[in-house]
Number of protein chains: 2
Amino acid sequence: MFSKTCQYAIKAVIYIHKQSLEGKKVGAKEIGQEIDAPDAFTAKILQVLVRQHVVGSFKGPTGGFYVDKSHEFKTLKDVVLAIDGDQLFQGCSLGLNQCSEQNPCPLHFEIVKVRSNIHYMLTSKSLKQLAEEVGDGSTVLARLA
Amino acid sequence: MFSKTCQYAIKAVIYIHKQSLEGKKVGAKEIGQEIDAPDAFTAKILQVLVRQHVVGSFKGPTGGFYVDKSHEFKTLKDVVLAIDGDQLFQGCSLGLNQCSEQNPCPLHFEIVKVRSNIHYMLTSKSLKQLAEEVGDGSTVLARLA
DNA sequence: ATCATAAAGGATAAAAGTATCCTTTATTAT
DNA sequence: ATAATAAAGGATACTTTTATCCTTTATGAT
């Protein structure tokens with residue numbers, strides 16, 4: 001459903017939100033460790049997320065990744081769009097370049113419901129809410145030690 | 001959602017069913033052409049589907065791929081399982097190896113509904129029905145010429 | 001000013017997914 | 001029996017995804 005890169009991205013963004021709740025910026029290395037992802041690769045992913053304005057970054061000592069007011073309406077869907085593109089949400093799920101109501105593929109009308117569910121899953125909770133759930137222990141971003 | 005290989009597989013299986021409705025076996029080359037897939041690659045995919053008993057095959061002149069009574073309860077879900085494995089249906093969607101009701105990832109409870117929709121999409125219609133829809137022109141497997 | 005820190009960016013590599021080609025095996029038609 | 005046909009299987013190649021490492025740029029602390 002999500003690429004491995006996108007799974008890392010989702011976890012990274014939630015972790016950044018969690019730390020930003022406490023006003024902390026976090027480095028790529030720390031993020032990688034907290035979400036069980038290779039840190040150099042995590043850094044690459046974060047570059048994309050910064051470019052797409054899903055999170056913010058600051059260089060130098062005391063620098064790191066963070067979110068502020070300007071990111072408050074971003075959702076997991078924006079993360080997925082930034083990393084995996086729109087293939088989960090748009091286009092023919094069987095790869096037809098001509099697929100429409102008039103010329104539907106066998107899954108055309110069914111995929112609509114699935115996509116609507118996916119959309120809901122990725123937009124119904126704010127990233128802040130998701131971060132709070134991790135913060136209070138009701139969900140986790142990695143296996144517990 | 002589906003790998004490219006799986007998209008080919010889905011279309012191939014529906015096409016085989018469609019031709020089997022008329023008692024025709026079909027070759028890998030013809031299938032490739034009908035579904036806009038490279039035929040050598042299509043042949044490889046069909047090998048897997050045959051091994052998994054999703055379709056049948058017969059060598060030699062008059063040979064080809066077909067389905068009969070023994071395949072009647074196979075669904076698109078079996079095609080997806082044969083090609084992409086169970087990752088759409090099982091396991092943590094964020095890649096955690098420990099993810100459960102007790103230790104849920106942030107998407108754990110939402111993904112259940114999505115998966116239930118996907119399951120429905122891939123099992124509610126028989127492959128025969130899907131083939132009939134292609135047969136009567138209400139759905140298509142490739143762009144029309 | 002200098003040094004330490006951390007993100008950004010570039011080059012490269014390993015692994016997985018996608019694709020092609022050629023040989024072998026099974027089956028049918030002659 | 002022989003030749004033709006079509007799937008099965010093996011080897012190989014190309015592309016994309018995943019991953020690592022090293023250099024450069026920006027910033028803060030001393």
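Atoms considered below: every heavy atom in the structure, side chains included; atoms not considered: hydrogens, waters and symmetry mates. Letters go in sequence order (proteins before strands), and every chain restarts at 1. Nothing here was measured: the structure is a model prediction, and the numbers come from that model.
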> Any donor and acceptor pair, going by atom type alone, linking the side chain of Ser116(B) with main-chain N or O of Val112(B) inside 3.5 Å?
Replying inline: no
> Looking at Phe89(B), is Lys77(B) sitting on its ring face, NZ or CZ under 6.0 Å from the six-membered ring centre and within 45 degrees of the normal?
Replying inline: yes
> Would a 4.5 Å heavy-atom cut-off, applied to side chains only, mark Ser3(A) and Tyr8(A) as touching?
Replying inline: no
> Counting distance only, does the side-chain N/O of Thr123(B) pair as donor-acceptor with the main-chain N or O of His119(B) below 3.5 Å?
Replying inline: yes
> Would you say the side-chain atoms of Asn117(A) pair up with the backbone N or O of Val114(A), donor to acceptor, closer than 3.5 Å?
Replying inline: no
>> Could you work out, with side chain to side chain contact (heavy atoms under 4.5 Å, CB included) as the rule, every residue matching Gln33(A), not counting sequence neighbours?
In response: Lys29(A)
> Rounded to whole angstroms, how far apart are CD on Gln47(A) and P on dT23(D)?
Replying inline: 17 Å
>> Which residue in the set Asp86(A), Val54(A), Leu76(A), Thr75(A) passes side chain to side chain contact (heavy atoms under 4.5 Å, CB included) when paired with Leu81(A)?
In response: Asp86(A)
>> For Leu127(A), run the side chain to side chain contact (heavy atoms under 4.5 Å, CB included) check against Lys74(A), His71(A), Lys18(A) and tell me which one passes.
In response: Lys74(A)
> Over how many whole Å does the gap from Lys25(A) atom NZ to dA26(D) atom P extend?
Replying inline: 18 Å
>> In the structure I gave you, are the side-chain heavy atoms of Phe2(B) and Asp84(B) within less than 4.5 Å of one another anywhere?
In response: yes
> Within the structure shown, what part of the strands sits under 4.0 Å from Ala43(A) by heavy-atom distance: base, sugar-phosphate, or nothing?
Replying inline: nothing
Check nucleotides 13-15 of chain C against the protein and report each pair of N or O atoms closer than 3.5 Å, with its distance, or say if there are none.
none

> Just by modelled atom types, is the Gln129(B) backbone N or O under 3.5 Å from a matching donor or acceptor in the Ser126(B) side chain?
Replying inline: yes
>> Just by distance, no angles: are the side chains of Glu30(A) and Tyr15(A) close enough, under 3.5 Å, to form a donor-acceptor pair?
In response: yes
> Once you round it to whole Å, what is the distance between P of dT5(D) and CD of Glu30(B)?
Replying inline: 16 Å
>> Under 4.0 Å between a side-chain nitrogen and a carboxylate oxygen: does that hold for Glu133(A) and Lys125(A)?
In response: yes
> Which nucleotides of nucleotides 11-20 of chain D have their base under 4.0 Å from a protein heavy atom (B), which only their sugar-phosphate (S), and which neither (-), written as one string 5' to 3'?
Replying inline: B------SBB
> Ile31(B) CD1 to dA7(D) P: how many Å, rounded?
Replying inline: 7 Å
> Please, which pairs that meet salt bridge (Lys or Arg N to Asp or Glu O under 4.0 Å) have at least one residue in residues 36-59 of chain A, sequence neighbours excluded?
Replying inline: Asp36(A)-Arg143(A)
>> Just to be sure I understand the geometry, which residues of residues 48-70 of chain B put a non-hydrogen atom under 4.0 Å away from DNA chain D?
In response: Val50(B), Arg51(B), Ser57(B), Phe58(B), Lys59(B), Gly60(B), Pro61(B), Gly64(B), Phe65(B)
>> Without decimals, in angstroms, what is the distance between Lys29(B) NZ and dC21(C) P?
In response: 12 Å
> Which of residues 10-18 of chain B have a heavy atom under 4.0 Å from DNA chain C?
Replying inline: none
